[in-house]
Amino acid sequence: MIKATNLKKEVFRILVFLIICFAYVYQKPILTTGEATDYAVLCLNVPPKELVIKAVDINLDDITLEKLSIDTKSGFFNQFTNQRELSVTLKTKNGEEPTVRMDAYNGKCLEVTGLLN
């Protein structure tokens with residue numbers, strides 16, 4: 001009888017822990033507009049090698065934020081856990097409008113489209 005009660009308590013504790021972890025993953029805070037703009041400029045200045053694009057020398061004074069959108073990532077697990085990505089469109093002084101797609105939580109650069117690509 002005592003072991004069954006202890007087992008029930010442990011199962012309950014594990015269940016509560018899993019619910020708390022899921023709630024955190026589901027509602028993680030996303031980047032602010034300023035952070036997203038900074039990460040977009042960083043992605044253009046120092047692009048990841050897997051994107052195979054040339055680095056562009058842009059500083060924050062040379063750009064304006066044209067558009068920012070938050071999109072749902074595709075895939076069952078990503079939709080189940082409410083995963084998001086940001087699309088940041090910047091406008092340079094030259095009139096170019098690169099769009100940087102990034103992870104909404106850590107700013108990891110996923111794709112760059114526009115005239116710079």
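Bear in mind the structure is a predicted one, so any value in this text is a computation, not a measurement.
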So do the side chains of [X] and [Y] get within less than 4.5 Å of each other, counting heavy atoms only?
X: Phe12; Y: Val16; result: yes
X: Glu97; Y: Leu90; result: no
X: Thr99; Y: Glu66; result: no
X: Tyr105; Y: Leu31; result: no
X: Thr72; Y: Gln79; result: yes
X: Lys28; Y: Gln83; result: yes

Do you know the tightest heavy-atom contact between [X] and [Y]?
X: Lys108; Y: Asn106; value: N-OD1, 2.9 Å
X: Leu51; Y: Glu111; value: CD2-CA, 3.9 Å
X: Arg84; Y: Lys73; value: O-CE, 3.6 Å

Determine whether more than 12 heavy atoms belonging to other residues, nucleotides or ligands lie under 6.0 Å from atom NZ of Lys91.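 Counting other residues, nucleotides and ligands, NZ of Lys91 stays at 12 neighbours or fewer.
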
Evaluate whether atom CZ of Phe22 has more than 12 neighbouring non-hydrogen atoms of other residues, nucleotides or ligands under 6.0 angstrom away.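 Check passes, neighbour count above 12.
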
Within this structure, what is the [atom1]-[atom2] distance for the pair [X] and [Y], rounded to the nearest 0.5 Å?
X: Phe76; Y: Asn78; atom1: CZ; atom2: CG; result: 10.5 Å
X: Asp61; Y: Lys93; atom1: CG; atom2: NZ; result: 7.0 Å
X: Ile70; Y: Ile30; atom1: CD1; atom2: CD1; result: 3.0 Å

Residues which pass side-chain contact (heavy atoms from CB on, under 4.5 Å) with Val46, listed by chain and number, not counting sequence neighbours: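 Result, side-chain contact (heavy atoms from CB on, under 4.5 Å) vs Val46: Leu42.
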
Does the pair Leu68 and Thr37 meet the rule for a side-chain contact (heavy atoms from CB on, under 4.5 Å), with working shown? CA-CA 9 Å; Leu68 176 75; Thr37 305; over 6 Å; no

Summary of disulfide bond (SG atoms under 2.5 Å apart) pairs that have at least one residue in residues 12-56, sequence neighbours excluded: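 Disulfide bond (SG atoms under 2.5 Å apart) check on residues 12-56 returns Cys43-Cys109.
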
Pro48 backbone acceptor or donor facing Glu50 side chain under 3.5 Å: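 Checked: no pair found.
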
Only one of Leu110, Thr113, Leu44 passes side chain to side chain contact (heavy atoms under 4.5 Å, CB included) with Val100; say which it is.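 Only one of Leu110, Thr113, Leu44 forms a side chain to side chain contact (heavy atoms under 4.5 Å, CB included) with Val100, namely Leu44.
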
Of the options Val88, Asp62, Leu60, which is the one that meets Val41 in a side chain to side chain contact (heavy atoms under 4.5 Å, CB included)?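 For Val41, the side chain to side chain contact (heavy atoms under 4.5 Å, CB included) check succeeds only for Leu60.
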
